[in-house]
2 protein chains.
Amino acid sequence: MEHENQKLVRSTQLLRSFWSVQKNIVRFVQKIAVENGLSIPQYTILMTLTLHKEMKMTQKKVGEQTFLPKSTLSHAVDGLVQEGFLSRQQVEGNRREMELMITDNGKAFLKRMHLQDGGIHQLFQSAMEQLTDKQYEELIESHLLLSAYLESQVKDQGGK
Amino acid sequence: MEHENQKLVRSTQLLRSFWSVQKNIVRFVQKIAVENGLSIPQYTILMTLTLHKEMKMTQKKVGEQTFLPKSTLSHAVDGLVQEGFLSRQQVEGNRREMELMITDNGKAFLKRMHLQDGGIHQLFQSAMEQLTDKQYEELIESHLLLSAYLESQVKDQGGK
DNA sequence: ATTGAACTGTTCATTAATGAACTATCATAC
DNA sequence: GTATGATAGTTCATTAATGAACAGTTCAAT
């Protein structure tokens, strides 16, 4: 019982700990997105695509990764295509799915945005100086363990 | 130059690392909030208040902690007051400010919500089993360092 | 081939979140 | 004490995000 309580205290502490970092990240992301004329879902979509080799993914996959509702996704993608940051075409062999890819124009835009003064990367680069190399490595490692577990749970529970 | 590039790579990695955990947290928070008839800002407000002794804070302070726009705050608080989860009264000595406090009713609600099956605390308790005690301690420590730094930066830059 | 079910994405109506203008209160300077 | 400016919160009009119904495509069973 005492042990159960200990677990609850810890999970609460861990959640708060993530939240206190995260709220600052979110705040900056919003700022950057707005300054560059993007909605939050649009920013999220671009970030998700950059994580993939060739910056190329199906819309369905993007949805799975980001948990964005599909109507939101559809509208956001539409805007990005119109801005010329994203190309969208049917997947060969399955005309239901849409293949999304960041255009050269989009890549240039992202680069500008990330080097931008007061941007989130600048902020995080100095924030990281608070950590030793060892702390950094272990932080990444722990996050990896946690996110791997969380992802597996989400799948089990069956999204939406 | 090589060193500068290294820093960029790391800050990118760190951001992604946070994001991959965070998106799962957010997803669960949304689910829990919706299931309990709360908006995201309302959930955020309640969580913020529980962090404070006596679960009591001014609305202004809540705004500073959460970065929620004040119109959003005002509406969200209004709803919580109407549901009977929050009490709201003018601060003595400064009738401009509003003192918010979680009611007994609100406390009971939060307790139910957190013990709820499939809730985020349950999820995090099992997620934590992925980490050793040492990893856990160091994770909390690193987050603390980062969030302290981020908070200080936000203040310097002068929020909105 | 044909039917029905499952899937991917779009459209449209609705809800949620927000910025801007406003009200009330307080602090400061005269 | 009165005027001016700053602060805290509310109201209202607007924008952003979302759920539900829908259209087109694929797959499996007959």
Side-chain angles (χ1 to χ4, degrees), chain A residues 23 26-27 29-46 48-49 56-83 86-101 158-160, chain B residues 23 26-27 29-46 48-49 56-83 86-101 158-160:
Chain A
K23 70 180 180 187
V26 168
R27 190 181 132 79
V29 164
Q30 283 183 328
K31 181 174 154 257
I32 301 291
V34 167
E35 284 174 6
N36 289 277
L38 298 177
S39 68
I40 310 299
Q42 284 175 335
Y43 183 92
T44 307
I45 291 166
L46 290 179
T48 305
L49 277 162
K56 195 174 172 181
M57 277 170 97
T58 63
Q59 191 161 323
K60 171 186 157 155
K61 199 91 176 55
V62 173
E64 288 168 0
Q65 295 263 316
T66 59
F67 303 126
L68 289 169
K70 53 190 191 169
S71 58
T72 306
L73 247 176
S74 179
H75 281 130
V77 165
D78 213 59
L80 291 170
V81 170
Q82 291 196 355
E83 301 259 18
L86 228 57
S87 73
R88 173 176 51 181
Q89 64 186 71
Q90 289 184 324
V91 172
E92 307 188 49
N94 186 349
R95 286 183 298 170
R96 280 177 305 193
E97 297 191 18
M98 287 300 200
E99 182 100 67
L100 306 178
M101 184 163 55
K160 94 153 12 171
Chain B
K23 70 180 180 186
V26 168
R27 190 181 131 78
V29 164
Q30 284 183 328
K31 179 174 155 258
I32 301 292
V34 167
E35 284 175 6
N36 289 278
L38 298 177
S39 69
I40 309 299
Q42 284 176 334
Y43 183 92
T44 307
I45 291 167
L46 290 178
T48 305
L49 277 163
K56 195 172 172 183
M57 276 171 97
T58 63
Q59 190 163 323
K60 172 185 157 154
K61 199 89 176 60
V62 174
E64 288 169 2
Q65 295 262 317
T66 60
F67 303 126
L68 289 169
K70 53 189 191 168
S71 58
T72 305
L73 247 176
S74 180
H75 280 130
V77 165
D78 214 59
L80 291 170
V81 170
Q82 291 198 354
E83 300 258 18
L86 228 56
S87 73
R88 172 176 54 180
Q89 63 185 72
Q90 289 184 324
V91 172
E92 305 188 49
N94 186 350
R95 285 183 299 171
R96 278 176 306 191
E97 297 192 15
M98 287 300 200
E99 183 100 66
L100 306 179
M101 183 163 57
K160 90 158 11 175

Practice problem: Determine: side-chain N/O of A:K70 to OP1/OP2 of C:dG9, distance under 4.0 Å, yes or no. | Solution: no

Quiz prompt | A:G63 versus A:L73, closest heavy-atom pair with distance | solution = CA-CD1, 3.4 Å

Practice problem: Report yes or no: is there a donor-acceptor pair, N or O only, under 3.5 Å between the side chain of A:S71 and the base of D:dG19? | Solution: yes

Quiz prompt | Distance in angstrom units between A:H75 NE2 and C:dA16 P, rounded | solution = 18 Å

Practice problem: For B:S39, report the nucleic acid contact type (base, sugar-phosphate, nothing); a contact means any heavy atom under 4.0 Å. | Solution: sugar-phosphate

Self-check item: D:dA8 OP1/OP2 closer than 4.0 Å to side-chain N/O of B:R88
Solution: no

Exercise. Let me know the distance between CD1 of A:I45 and C1' of D:dT18, rounded to the nearest Å.
Key: 14 Å

Quiz prompt | Where A:P41 and A:T72 come nearest, the two heavy atoms and their spacing | solution = CG-CG2, 3.7 Å

Exercise. Determine whether B:V91 and B:M98 make a side-chain contact, defined as any pair of heavy atoms from C-beta on separated by less than 4.5 Å.
Key: no

Quiz item: What is the distance, rounded to the nearest whole Å, between atom CD of B:E64 and atom P of D:dG9?
Solution: 10 Å

Practice problem: Give the rounded distance in Å between these two atoms: CD1 of A:I40 and P of D:dA16. | Solution: 11 Å

Listed pairs, N/O of protein and of nucleotides 23-28 of chain D, under 3.5 Å:
unit_1 : atom_1 : unit_2 : atom_2 : d
D:dT25 : O2     : A:R96  : NH1    : 3.4
D:dT26 : OP1    : A:R95  : N      : 3.0
D:dT26 : OP2    : A:R95  : NH2    : 3.2

Self-check item: Selection from C:dA17, C:dC7, D:dG19 that lies nearest to any side-chain heavy atom of A:P69
Solution: D:dG19

Quiz prompt | Heavy-atom side-chain contact between A:Q42 and A:V77 under 4.5 Å | solution = no

Self-check item: Candidate list B:L100, B:N36, B:L38, test side chain to side chain contact (heavy atoms under 4.5 Å, CB included), partner B:L46, passing option
Solution: B:L38

Exercise. Report the distance from atom CD of A:Q89 to atom P of C:dG9, rounded to the nearest whole Å.
Key: 13 Å

Self-check item: Side chain proximity check, B:E99 to B:S87, heavy atoms < 4.5 angstrom
Solution: no

Quiz item: Going by heavy atoms in the side chains, are B:L49 and B:L86 under 4.5 Å from each other?
Solution: yes

Quiz item: B:V62 versus B:Q65: any side-chain heavy-atom pair under 4.5 Å?
Solution: no

Quiz item: In whole Å, what is the span from the CG atom of B:L68 to the P atom of D:dG9?
Solution: 13 Å

Quiz prompt | Qualifying residues under salt bridge (charged side-chain N to carboxylate O under 4.0 Å, His left out), relative to B:R95, sequence neighbours excluded | solution = none

Quiz item: Separation of A:Q30 atom CD from D:dT15 atom C1', in whole Å?
Solution: 14 Å

Quiz item: For the helix from C:dA1-D:dT30 to C:dC30-D:dG1, what angle lies between the axis at the first five pairs and the axis at the last five pairs, to 10 degrees?
Solution: 20°

Quiz item: About how many Å separate OG1 of A:T66 and OH of A:Y43, when rounded to the nearest 0.5 Å?
Solution: 14.5 Å

Exercise. Can you figure out which of C:dT8, D:dG9, D:dA17 approaches the side chain of A:E97 most closely?
Key: C:dT8

Quiz item: When you check the phosphate oxygens OP1 and OP2 of C:dT10, does a side-chain N or O of A:S74 lie under 4.0 Å from one of them?
Solution: yes

Practice problem: Measure the distance from CG on A:L80 to P on D:dA16 and round it to the nearest whole Å. | Solution: 13 Å

